[in-house]
Amino acid sequence: MLSAAARFALAVARALLRGGFALRDGHLPPAAHDIPEAFTSVGVAPAADPAHDARQLDHLARLGVRRVRLDFTYGDADGPPARLLGKLASAGYRVSLHLLQPFEEARRMPDAMAAERWRSFLADTLERFGELADHIEVTSTVNRKRWAGYTLEGLLAAWGIAHEEVRRRGLVLAGPSITDFEPVYNVGLLALLRERGQLPDLHTDNLFAERALRPERWDHKILGERLAPLIRFNLVKKARLLARIGAQAGVPRLVSPAAFWTLPRIERRLPDSEQKQADYLTRYFVLCAASGALEHAGWGPLACHREGLVDDGPQPYPKLERITHYASVSGPEYRPRPAFDALAAFNRFIPGTRYEGRLSRNADIEVHAFSAPGRCLHVVWTPNARCAALPDLYAANDLAGAQIFDRDGTALSGRPVTVSRLATLAVTEKPLYLLWTGDLRPAVSACAAPLPGVSVNAHGPGHLYYHRAGDWHGMVRAADGAAADALITALHPEAIGAPQREATLRHARNAIWTVADPCHSGGRLVVKQPVKHHLHKKLLDRLKPSKARRSWNGACELERRGLGTAAPVAWFEQRSGDDLTRNWYVCAHVGGQLSIGTLFSAYARGESTHAGIAAGQAYAALAAFLLHMHGRGIFFRDLSGGNILVCPQADGGLAFQLIDTARIRLYPRGVPLRQRMADLARACHKLHPPGREAFMALYLDELGQRFTARRRMAFALYDLKAALKRRLRKTAFYKALKR
């Protein structure tokens, strides 16, 4: 007789040989299926104080969920979980009662005494509370031994006991609660359970997708970044494949009980973690619904400081991951996060509709259509940092008839936010809902695509508006449509005029001047226009976006990554691109601040303190800032001291803002060390050797590196290059070239 492990492996091998892990075109969501009314669920947990139960029920009512998941373990039958279960059932919620062994008990299985305690717990719990549950879910994260505690033999023993006790009472059984997309476990475990006659009624898998950036992306963890686009395992394909695996085993109903994205995980890559979490949640649930594979999908904890829809305050993280056992909440304050509003909006719009299909042919624009009697709804978004113009997606008449709602369900159409004669609200990574009433079923243009070569920060203040008229186009960030019109009217290239002498800050390769801010009385904005191009630049720059657009992109990417910069306000360019000087970049005016160049020059002259800032303080603060910048994937490429502005803080610390952002290059994770050194050589150009040694030691120590002789030589070569350029600029030949 083969062991359980051997039979598990045999089932997996058989599936592999038969193509059981392949699903042709599985990445494309199938059209024409209904989304259940109770499609979403959320995990709940009690507090010791019964007064907290009312807060939980209030949040659930505001979310609009109809399902909840409650974890239940030894000792809970006479404790707060049982109290909360009774209140949830009385309020009409469909409860997934998740029964699990304590970790140490699971480790002991299939020990006879541990098995008997498990059976006794199940029998008592099911007798007392089984009728209150929509279904009984048993075991948890069984493919993570460090969380669940089970060996394969122990899991099968625990499952067999649970199957017997649940079936004896005629209840619905869900499991085996695999976590993440690891289909070998689904195939192997379901095969073993089928052999034993112990299949569940609901096949459960905590279906996480890429957990920090994009739920739509191909999963690079399966075969790596390069092959990911070839095998096309996205969230939709994962759900559809798991549903097929379950159906082939005899369990056609698939559920994802829990999935979530911790804020610290997001913050490793990007700031605005709560906003990113909310974007991710909407996109995730739309894709789960579009897959047609899931009976319902759940978020993890309702209230939790690290990953909840509601922040219940900081507390030590439990020994077991909350995906395994969500045991309690703390309070006393419960602060709904943006993700809370995002899920409430999803529940308002999507459950109970019919999915009509993905309407965009472009991989970088998501348009998913849902319908219900008398209405049609589209959910629209772009990948992170990209944007699109609504008129590029829809015909003018269709767009005029749409009601527009933001990710959190706030109506935008008919409000000042979208009333703009000169521009349209941009589509970004922050999803929009477009609603049409009646029988209208708008089509999406076959040519719809994101705006080429444009990056945006979707979570900055106000909204983004795209302008296109005649030979000009551009983008502005404004509080509402009226403000967008005012900015476009005042800053449009045909209206802005030439720089006035008294307002000019610089006039060399670029003209830089200030203008009045039309939206803030007494405020000033900075305008930058290229005016001269060397011959090689004229050739090379024709292959790039305009300098104005590159400046906008660089500033937006700095903002997205939590790095200070003069806030981008607008860019405009001539659409033909024939004249490389016909483009304008506009940003906030940052006045009266020191630059690192000024500080470093002062320290090089022998001053130990300048403008109240000691050299050591400046070195430490700048090193930390640049480590953060490079760690976030920003290779600045023009990091001269004059482009790093110093902003003293009220607490005595230093913050920094970067300007002249047109040359930024992005890396998906961190900047390679060689490119970091190129940035740092520019930044340290005006600093004397002892200062360089001190600064570079601070920077490189954090990377486990040293300021070697080879690296000092690279700095010296940059100094020589800069000196030669200064000398060349004084020659008649160079002056003739400039003319």
Side-chain angles (χ1 to χ4, degrees), residues 21 23 25-43 63-69 94-96 98 134-135 137 140-141 172-183 185-187 189-190 199-211 215-216 219 233-261 280-300 323 342-343 346-347 349-358 366 368-370 379:
F21 298 111
L23 185 60
D25 293 330
H27 63 289
L28 301 174
H33 56 265
D34 295 328
I35 313 302
E37 289 279 359
F39 182 71
T40 63
S41 67
V42 67
L63 270 180
V65 295
R66 301 188 182 185
R67 293 181 179 272
V68 293
R69 185 187 195 223
R94 301 172 69 172
V95 180
S96 170
H98 181 209
D134 179 75
H135 60 266
E137 183 184 352
S140 186
T141 58
V172 177
L173 177 63
S177 190
I178 294 160
T179 202
D180 254 331
F181 178 71
E182 297 179 5
Y185 286 95
N186 303 78
V187 169
L189 286 176
L190 290 176
L199 284 171
D201 301 297
L202 295 175
H203 170 204
T204 60
D205 189 297
N206 299 316
L207 190 55
F208 286 94
E210 204 287 331
R211 282 181 276 177
E216 313 87 10
D219 192 336
F233 266 102
N234 60 1
L235 176 59
V236 169
K237 186 171 183 176
K238 290 177 181 181
R240 295 182 66 191
L241 181 61
L242 291 178
R244 190 183 72 180
I245 288 170
Q248 290 174 343
V251 192
R253 300 167 66 188
L254 175 67
V255 169
S256 175
F260 53 80
W261 301 276
Y280 199 116
L281 179 147
T282 300
R283 290 150 64 174
Y284 174 83
F285 277 111
V286 168
L287 293 171
C288 283
S291 74
L294 292 160
E295 190 167 293
H296 58 88
W299 187 257
I323 188 66
L343 182 54
F346 177 90
N347 287 331
F349 288 119
I350 302 301
T353 63
R354 184 171 181 79
Y355 181 66
E356 301 293 352
R358 185 181 187 276
E366 297 285 342
H368 294 272
F370 300 83
V379 192

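What you see below is based on every heavy atom in this structure, not just the backbone, and it leaves out hydrogens, waters and symmetry mates. Sequential numbering from 1 along the given sequence is applied to the chain's residues.
You'll find the side chain of I245 reaches within 4.5 Å of the side chain of P183, heavy atoms only. For the pair S177 and S140, the minimum side-chain heavy-atom distance is below 4.5 Å. No side-chain heavy atom of I178 sits less than 4.5 Å from a side-chain heavy atom of T204. Looking only at side-chain heavy atoms (C-beta outward), K237 and L23 come within less than 4.5 Å of each other. Considering only heavy atoms from C-beta on, P215 stays 4.5 Å or farther from F285 through its side chain. The side-chain heavy atoms of R67 and T40, taken from C-beta on, include no pair separated by under 4.5 Å. Between F181 and L235, the closest side-chain pair of non-hydrogen atoms is not below 4.5 Å. Side-chain contact check for N206 versus I323: some heavy-atom pair is nearer than 4.5 Å.
Here the CG atom belonging to D180 is positioned 8.0 Å from the CG atom belonging to D205, to the nearest 0.5 angstrom. Taken from CG in L207 to CG in L294, the straight-line distance is 6.5 Å, to the nearest 0.5 Å. Of the inter-residue distances, the one linking Y355 atom OH with I350 atom CD1 reads 10.0 Å to the nearest 0.5 angstrom. Atoms SG and CD1, from C288 and I35 in turn, are 10.5 Å apart once rounded to the nearest 0.5 Å. Put simply, CG on L202 and CG on L173 are 8.0 Å apart, with the number rounded to the nearest 0.5 Å. Between R358 atom CZ and H368 atom NE2 the span is 5.5 Å, to the nearest 0.5 Å.
Ring centroids of F349 and F370 are separated by 6.0 Å or more, keeping the two rings apart.
We find that D219 and K238 are joined by a salt bridge, their nearest charged nitrogen and carboxylate oxygen being less than 4.0 Å apart.
When only modelled atom types and interatomic distance are considered, H135 and E137 share no side-chain donor-acceptor pair under 3.5 Å. For the residue pair N186/H203, the side-chain donor-acceptor check at 3.5 Å is satisfied.
Formation of a donor-acceptor pair under 3.5 Å by the D134 side chain with backbone atoms of S96 is not found in this model. Checking side-chain atoms of D201 against main-chain N and O of V172 turns up no donor-acceptor pair under 3.5 Å. Panel note: side chain R354, backbone A32; a donor-acceptor pair is recorded below 3.5 Å.
Considering every non-hydrogen atom in both A38 and R66, the closest pair reads CB-CB, 3.9 Å. P351 and E37 get closest at one heavy-atom pair: CB-O, 3.3 Å.
Taking the six-membered ring where the residue is Trp, W299 and W261 present tilted rings, their angle falling between 30° and 60°. Under the 30°/60° scheme for interplanar angles, the aromatic rings of F39 and F346 are found to be tilted.
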